[in-house]
Amino acid sequence: MRKRKERVSEEKRLLFFWAFFSRRDCFSDREEQTEERTNFLQNEELFCLGADEPPLLVKCKKKNSPHARRADKEKIFIKTIMSDDEERKKKKFKKEKKKEKKEKKRKEREEEKEKSKKSKKKNKVVKEDEEGETTTNAKIVGDFGLAKSGAPFKKKFYEPSESILRLSEKDVKERRDSLAITIENDGKKYNFTPLATFQEAGFPKEILAVCKNFQKPSPIQAQSWPIIMSGHDMVGIAATGSGKTLAFGLPALTQIKAQPPCKPGQPACLVLAPTRELAQQTAKVFDDAGDATGIKCVCVYGGGPKYLQKQEMKQSGFAVIVATPGRLRDFMNDGDVRLDRVTILILDEADRMLDLGFEPEIRAIAGATRADRQTVMFSATWPNSVQGLAAEFMTNPIKCRIGAEGLKASHSIKQIVEVVEPHEKDQHLHRLLNKYLGSEKVTPRCLVFALYKKECARVHDLLRRNWKSASIHGDMSQHDREQSVASFKSGKTPILVATDVAARGLDIPGVEYVINYTFPLTTEDYVHRIGRTGRAGATGVAHTLFTVHDKSRAGELANVLREAGETVPESLSKFGTHVKKKESKLYGAHFKDIDMSAKATKITFD
């Protein structure tokens, strides 16, 4: 009987839960639902706490009844079920909050885009045109904040002289043709007539004194000075030994003279060079000019004592910094130099800097300068990589080319190419040295180029048994490299064995012979190598030992020889005249050769 009652009470309890929870969703009003629930529980000898709290079974009139005991055991169960409604409400509330946050973020992103569009319209880099008005270029690599907040500076210093203004268009064309000058992107609106004398450039007297040892400007100088002194960005393409350093150096000094004195570590002119030797050579030209103008220059490069270079930069008054990109980036990271006052940026031998992988450093350095600066770029070649760099770093640059387009060597150099067996090169080298240097009373200077550092060291060991010679390559310390160059310049050692580190920037007067013991990896480097002789109007001889291992460059070399009016040996022609397409350093031969400076064309569909 007792078991039957317990079973009935169990059924009643389940019925109670079913009835209670099935009826609780029938009420729309909270108070009505709470009141009905309380009455229902009291009828079943139960009651609830307040309406504000979830229903909880806490007390029964018959404390010891089985129903009460069972109800106590079901407290957690009831609490969980009764709180489901509240949990659903909380989840719904959280979802709504999440949607609101997403919508808020979306609106913020749209506002930021609108602000950035407005700021791009405000941040404008200007360039002067013939009426003194300005046009915009918001894609240049540089700091737009500095351009907006920095002090204004003067770019335009050139005014054509009366002798220039009297020339007709036919006279100007004849002068350009006589100097083999090609000018592009000038729009036919500017008077960029090549100069015939130094006085026509309009330099101050103290700067003009730098040119007292020269009779007249070289072709690259005659055409570059009117362009740069007019405040325009320029790209100069000219062979080595053509006077490019003074082509950008004298306009830079003129611009510096018109500005307030520089503070320590804040130069007004920055010159970037790919190698230590070229940086030192450029700094020497600025130092010589500084003696007459009072403008100081500092040179920083890798391999030199960093502490001493840092001390030099801290000295007051230096306005020109000539640097290799890697070492300058180190000083920038250390906070030893600031480029916010740089008003003219010069990239010398830009093609070589890109070949050496300095593009990230160049971008970081240019990004720290004013966006409205004047940028000048000089290069011996004009590959697509340099064209792309010019398009991003300059504002409508004017391109000036000296000579015909394509690879070419100086016509003042006699080029001789001899095809030999690889294992016979040592014998031929001794024969050539005896031929060119042995019969002379005063031994002339001779540069011998090797391809690799170990090969350079081996050839030097071979030659110094019979000849006074020195060597220069990347494995040598900076002190030893400088000592070798100094002894070669003084004539103490007439032979210098070098790798391609000496192919650019080694301006040593009196180098009469260049011998290529091993042909370089590119024909561009060949042109730079032989450009160490025949400089500044002098003549020279370049003798190259060509082997079967170099046959892939035979076609390009033959073209260089034909352009210079030299005879092409039959043994060289046997390798073929095919010119191999230059490979991209990133994509190899599988890339499309396009003009990076060309503007995009708009396509419309009907």
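Please read these numbers as outputs of a predicted model, since none were measured by experiment.
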Do K105 and R109 pass the side chain to side chain contact (heavy atoms under 4.5 Å, CB included) test, and can you show the C-alpha distance, the side-chain angles, and the key distance before you say yes or no? CA-CA 6 Å; K105 286 182 179 179; R109 284 195 297 268; 4.1 Å; yes
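- Using a distance-only test at 3.5 Å, with no hydrogens or angles considered, a donor-acceptor pair links the side chain of T275 to the main chain of L278.
- No side-chain heavy atom of T245 sits under 4.5 Å from any side-chain heavy atom of Q281.
- Heavy-atom minimum distance, I181 versus Q223: CG2-OE1, 3.6 Å.
- Ion pairing of R106 with E110 is present here, as a side-chain N (NZ or NE/NH1/NH2) and a carboxylate O approach within less than 4.0 Å.
- The backbone N or O of G302 sits less than 3.5 Å from a side-chain atom of R276, completing a donor-acceptor pair.
- Judged by distance alone, the side chain of E349 and the main-chain N or O of A273 form no donor-acceptor pair under 3.5 Å.
- In this structure, V298 and V320 have side chains that are not in contact, with every pair of non-hydrogen atoms separated by 4.5 Å or more.
- Here the straight-line distance linking atom CZ of F393 with atom OG1 of T369 works out to 8.5 Å at 0.5 Å rounding.
- Here the side chains of F248 and S224 are not in contact, with every heavy-atom distance at 4.5 Å or above.
- Of the possible donor and acceptor atoms, one in the side chain of R553 sits under 3.5 Å from a partner among the backbone N and O of P520.
- Nearest heavy atom pair, residue L146 against residue A368, reads CD1-O, 3.7 Å.
- Between V235 and M394 there is a side-chain heavy-atom pair separated by less than 4.5 Å.
- In this structure, the ring of H232 has its center less than 6.0 angstrom from the ring center of F192.
- Annotation: the span from K155 atom NZ to D372 atom CG amounts to 6.0 Å, rounded to 0.5 Å.
- If you take OG1 on T254 and OH on Y158, they are separated by 13.0 Å, rounding to the nearest 0.5 Å.
- Side-chain contact between I220 and F378: present, with at least one pair of heavy atoms (C-beta onward) separated by less than 4.5 Å.
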In sequence, state the C-alpha distance, the side-chain angles, and the governing distance for F144 and R370, and then conclude on side chain to side chain contact (heavy atoms under 4.5 Å, CB included). CA-CA 7 Å; F144 290 93; R370 299 172 58 135; over 6 Å; no
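- The minimum heavy-atom distance between F358 and G326, with the atom names listed, is CE2-N, 4.2 Å.
- Heavy atoms only, all atoms of each residue included: F286 and G249 are closest at CZ-CA, 3.7 Å.
- The shortest distance between side-chain heavy atoms of T499 and L451 does not fall below 4.5 Å.
- Here the side chains of E184 and I398 are not in contact, with every heavy-atom distance at 4.5 Å or above.
- A heavy-atom distance below 4.5 Å is found between the side chains of Q259 and R341.
- Between R401 atom CZ and T182 atom OG1 the span is 7.5 Å, to the nearest 0.5 Å.
- Between Q280 and Y301, the shortest heavy-atom contact is NE2-OH, 3.1 Å.
- Across every non-hydrogen atom of A390 and P397, the tightest pair is O-CG, 4.4 Å.
- A donor-acceptor contact shorter than 3.5 Å links the side chain of D143 to the backbone of G145.
- The line from CD1 of I256 to OG1 of T343 is 7.0 Å long, rounded to the nearest 0.5 Å.
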Could you walk me through whether I140 and E392 pass the side chain to side chain contact (heavy atoms under 4.5 Å, CB included) check? CA-CA 5 Å; I140 194 170; E392 294 185 60; over 6 Å; no
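- Pairs passing the salt bridge (Lys or Arg N to Asp or Glu O under 4.0 Å) check and including a residue from residues 319-333, sequence neighbours excluded, do not occur.
- For the atom pair SG of C297 and CD1 of I321, the computed distance is 8.5 Å after rounding to the nearest 0.5 Å.
- D233 pairs with exactly one of I344, T375, V376 by the side chain to side chain contact (heavy atoms under 4.5 Å, CB included) rule, that one being T375.
- Within the 3.5 Å criterion, the main-chain N or O of I228 finds a donor-acceptor partner in the side chain of Q374.
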Mind running side chain to side chain contact (heavy atoms under 4.5 Å, CB included) on I183 and K399 for me, showing each step along the way? CA-CA 6 Å; I183 189 170; K399 180 182 170 186; over 6 Å; no
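- Under the side-chain hydrogen bond (donor to acceptor under 3.5 Å, both in side chains) criterion, E359 pairs with R363, not counting sequence neighbours.
- Around the NZ atom of K306, the shell of radius 6.0 Å holds more than 12 heavy atoms that belong to other residues, nucleotides or ligands.
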